[in-house]
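Written out below as structure tokens is the structure these notes cover.
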2 protein chains.
Amino acid sequence: METSTGLDKPYIEQGATSSHPSLLIVQELKNLSRPILILRRKKTLLYQGDTFQGLYIVQSGMLKQTLQCKNDNEQLTHFFLPEDIIGLDAIGEGFYSGTVIAIETSGLLHIPFRRIEEFPDLQTSHMQLLRCLSRAMSLEHSRMWQMISQPADVRLACFFAAMSRNFFARGYSPYSFRLAMSRQEMADYLCMAVETLSRLISRFQRQGILTARGHEYCIVDPDALASIAARSK
Amino acid sequence: METSTGLDKPYIEQGATSSHPSLLIVQELKNLSRPILILRRKKTLLYQGDTFQGLYIVQSGMLKQTLQCKNDNEQLTHFFLPEDIIGLDAIGEGFYSGTVIAIETSGLLHIPFRRIEEFPDLQTSHMQLLRCLSRAMSLEHSRMWQMISQPADVRLACFFAAMSRNFFARGYSPYSFRLAMSRQEMADYLCMAVETLSRLISRFQRQGILTARGHEYCIVDPDALASIAARSK
DNA sequence: CGAAAATTTGACGTGATTCAAACGCAGTGG
DNA sequence: CCACTGCGTTTGAATCACGTCAAATTTTCG
């Protein structure tokens, strides 16, 4: 039996979410949404190649996006947290670029539209959408570049630091949280073998930087974590 | 003394360029362009962090885009060929995300505008711009993912195959062309050490796949090249 | 022509993957 | 209640691709 130390206890009542990059458009989109959609763990929201049917906004839970290559290997490209938008990368091409699956029971808002022309109030919001896209591109780029240039321990430290910031920004404790993804999924996201990830988590625990029991993670020494994340190759 | 076997001899008179993804918007943008801009080899077109002053369309020559990290290392993110658009990734943020330098004397068209609102005929063209951005994001993503997941020889083979296709699509020979970039720049682009690149080119020549004399490259055995490019890890 | 830069080649070290095996944990059925 | 099974995680040992260092060779360009 697990005691959820993270997601169930709001750390700051509210307010911190204003720093989320796409908040404005989120607010705008929410006004158009259908009733909330519940997706159980391991259930698929949409498949890679499906024709674009609109965006989704995460309200609770967590999801992953995987990209199936022609080979058998698949790349984990995104974890979606509450207030994240799913499907932005499908607007241009007209079909979803990856399969999205819930890694824990999640609540979603669906903003249905097929073509961008159906998007309401286009004049005032298309600029934001552009910025959103472009920003996503930049973020993705820097993430990938980090995967290429940074050693595995730095990548993992950055991942925990980023998750910590994400939870804090959403009103939860930055030091203790639950990550529903398996080690395999985390390793896929960080572009390393599961064994490497396991070894690194063991090492971090030995060094007193964090503790990991199952899916519960506690950051014991944030400064040490940050110093590893900051150190470049 | 070099005999330019590639760029100087149109392979197909015209027509193949219609397959270029951003051709329509290129045509539209060209109507607004100022007189052509000439940039000599190693001259800088714009610096990373400069405020967005508009897009550039390559007419001739080749340029590179590098991304300066806070560390000393710099990542080569793009090579721009004729008809490519420079600066798309700056629209969202308002400043250029990388430094663009000519690697050979290049002709450019400048489409000056500061804010997206000044963009003419916005209603009909913003959709294309969105698609363009999104497509660039997808391309970039798959490229980066390749860097992470594929071994060095596959990456190099893909690079030559892609260059071959690029030259063919632009009306030149796909089997013999000149690449103005240095080995260092090519290695940066492919995320490998110069020495590794040099060894691989030597190996490919030993295997009779291609020949390289200076900056002139001939693809002798396209099938062998393709089979290396196709093979996944 | 001569200096500086670019390219090639070899030797070596290492971080990360792969292979293999042991361990823990949840669910199932006898 | 306890073996049995399957899955996720951990740990160890061997291997490999690639980067780094260093030196030789070629090319570039004033």
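Everything numeric in this text was worked out from a predicted model, so none of it was measured. Residue numbers start from 1 in every chain, and the chains themselves are labelled A, B, ... in the order their sequence lines are given, proteins ahead of strands. Values reported hereafter were calculated over all heavy atoms of this structure, with side chains retained and with hydrogens, waters and symmetry mates removed.
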Practice task
Go through D:dT20, C:dT8, D:dT9 for me and flag the one nearest to the A:Ser182 side chain.
Solution key: D:dT9
Handout entry: For atom CE of A:Met192 and atom P of D:dA17, their distance in whole Å
Key = 21 Å
Completion exercise
Of B:Lys42 and B:Glu195, the one whose closest nucleotide on DNA chain C sits nearer the 5' end is B:Lys42
Problem - Ring-face cation of B:Arg143 near B:Tyr189 (centre distance under 6.0 Å, axis angle within 45°) - result: yes
Exercise for the section: Please report, rounded to the nearest Å, how far the C1' atom of D:dA17 is from the CG atom of B:Leu190. Expected result: 16 Å
Handout entry: Test: A:Arg170 and A:Asp84 ion pair at under 4.0 Å
Key = yes
Completion exercise
Assert: residue with more 5' nearest nucleotide on DNA chain D, out of B:Arg41 and B:Asp153, is B:Asp153
Practice task
Would you classify A:Gln184 as touching base, sugar-phosphate or nothing, given that sugar-phosphate means primed atoms plus P, OP1 and OP2, and contacts are heavy atoms under 4.0 Å?
Solution key: sugar-phosphate
Practice task
Name the nucleic acid region contacted by A:Thr196, choosing base, sugar-phosphate or nothing; use a 4.0 angstrom heavy-atom cut-off, strictly under.
Solution key: base
Practice task
Using a 4.0 Å heavy-atom cut-off across all strands, classify B:Ser198 as base, sugar-phosphate, or nothing.
Solution key: base
Problem - B:Arg199 (side chain) and D:dT20 (base): donor-acceptor pair under 3.5 Å - result: yes
Exercise for the section: Taking all heavy atoms of B:Val220 and all of B:Pro222, pick out the closest pair and write down the distance. Expected result: O-CD, 3.4 Å
Exercise for the section: For B:Ser106 and B:Met62, work out which heavy atoms get closest and say how close. Expected result: OG-N, 3.2 Å
Fill in the blank from the handout: Taken to the nearest whole Å, CD/A:Glu185 to C1'/D:dG8 is 11 Å
Practice task
Find the distance B:Arg203:CZ to C:dT9:C1' and express it as a whole number of Å.
Solution key: 16 Å
Fill in the blank from the handout: Which of D:dT11, C:dA16, D:dT20 is nearest the side chain of B:Ala193? It is D:dT20
Problem - Euclidean distance, atom CG of residue A:Asp188 to atom P of C:dT17 [Å, nearest integer] - result: 11 Å
